[in-house]
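These notes concern the structure reproduced below.
Reckoned from all heavy atoms, side chains included, excluding hydrogens, waters and symmetry mates. The chain is numbered in sequence order, starting from 1.
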Amino acid sequence: MIKYHSLSFLCCSVLFIFVLAHPSFASKNNVTKLVHEVCSKTSNYSFCIESLYSDPHTPESDQYGLAYVAFRLAYLNATGTSDYIKKLLKKANSSSYRMHLQRCDRDYKKAVSAIETAYNDLNSETFFELADLAGVASHGAEDCQATFLGSLHSPLDFMNNALKGLCEICVVISKLFTGS
């Protein structure tokens, strides 16, 4: 089980490094109308396009399939980050650093739980709470980031920002189902 989580974190990390390092990953000519509609409502269009197109199912996805893609990416990020936090906790040598990481551990447990609940809601075609649950997961990343403000550089900056971006995509897609 631990090997799987380590592998998922590694895959997720490599994926996001690749996505951010190669802005031409998804050509604007290959973007579907649905993906363009979703990504144009996010704060970072290129991150949205590149993240969604990191999954091979995206080009053929309807809004339901795209929701699965987005929530799966958010889940992989959140679980991978949670695993990484646990590794950092084992190596933490200062009580202050340990305290920050413990807070992040709790924040990411909430984020993972929210995304799992959203995934279950998506499976049962209960769409009304998807946006709120994605928001809860995003707040987990924000709270983790905030715990390091003013004291230390967060070793989780990249992963926190990626989860916030992915959750924003999830919120936009969720609103397609509810019309809000």
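Tested against I169, the residues I173, V172, V171 include a single side chain to side chain contact (heavy atoms under 4.5 Å, CB included) partner, I173.
Interatomic distance, I85 CD1 to M159 CE, rounded to the nearest 0.5 Å: 7.5 Å. If you take OG1 on T178 and CG on L176, they are separated by 8.0 Å, rounding to the nearest 0.5 Å. With values rounded to the nearest 0.5 angstrom, C170 atom SG is found 10.0 Å from Y119 atom OH. With rounding to the nearest 0.5 angstrom, the CD atom of Q102 is 9.5 Å from the OG atom of S95. With values rounded to the nearest 0.5 angstrom, T42 atom OG1 is found 8.0 Å from I49 atom CD1. Once rounded to the nearest 0.5 Å, the distance linking NZ of K109 with CZ of R106 reads 8.5 Å.
Shown here are the side-chain contact (heavy atoms from CB on, under 4.5 Å) partners of N160, two or more places apart in sequence or in another chain: Y108, A141, C144, Q145, S154, L156. Judged as a side-chain contact (heavy atoms from CB on, under 4.5 Å), and not counting sequence neighbours, the contacts of Y64 are D62, Y68, L122, E125, F127, F177.
Annotation: side chain of F148 is in contact with side chain of L101 (closest heavy-atom distance under 4.5 Å). The closest side-chain heavy-atom distance from F71 to L66 is not below 4.5 Å. Side-chain atoms of C104 and T147, non-hydrogen and from C-beta on, do get closer than 4.5 Å to each other. Taking the side chain as every heavy atom from C-beta outward, Y97 and L88 approach each other to under 4.5 Å. Looking at T32 and L52, their side chains never come closer than 4.5 Å, going by heavy atoms from C-beta outward. Two residues are said to be in side-chain contact when any heavy atoms from C-beta on lie closer than 4.5 Å; L166 and F47 meet this criterion. Two residues are said to be in side-chain contact when any heavy atoms from C-beta on lie closer than 4.5 Å; L73 and S54 meet this criterion. A 4.5 Å side-chain heavy-atom check between E168 and S43 finds at least one atom pair inside the cut-off.
Crowding of K86 atom NZ: a count of heavy atoms from other residues, nucleotides or ligands under 6.0 Å exceeding 12.
Counted by atom type alone, S124 and T126 present one or more donor-acceptor pairs between their side chains at under 3.5 Å. No hydrogens or angles considered: nothing links the side chains of D83 and T81 as a donor-acceptor pair under 3.5 Å.
A donor-acceptor distance shorter than 3.5 angstrom exists from the side chain of R98 to the backbone of L89, with no hydrogens or angles considered.
Scanning both residues, V31 and Y53, for their nearest heavy atoms gives CA-OH, 3.4 Å.
Residue pairs meeting the disulfide bond (SG atoms under 2.5 Å apart) criterion with at least one partner in residues 32-70, sequence neighbours excluded, are C39-C48.
Between E37 and K33, none of the side-chain N atoms (NZ, or NE/NH1/NH2) sits under 4.0 Å from a carboxylate O, so this pair counts as no salt bridge.
Under a hydrophobic clustering in which Ile, Leu, Val, Met, Phe, Trp and Tyr are joined whenever their side-chain heavy atoms come within less than 4.5 Å, directly or via other members, L76 and L133 fall into different clusters.
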TODO: Give the intermediate values and the outcome of side-chain contact (heavy atoms from CB on, under 4.5 Å) for residues S138 and L163.
DONE: CA-CA 6 Å; S138 181; L163 183 57; over 6 Å; no
Task: From CA spacing to verdict: side-chain contact (heavy atoms from CB on, under 4.5 Å), H139, E142 - done: CA-CA 5 Å; H139 287 300; E142 290 170 5; 3.1 Å; yes
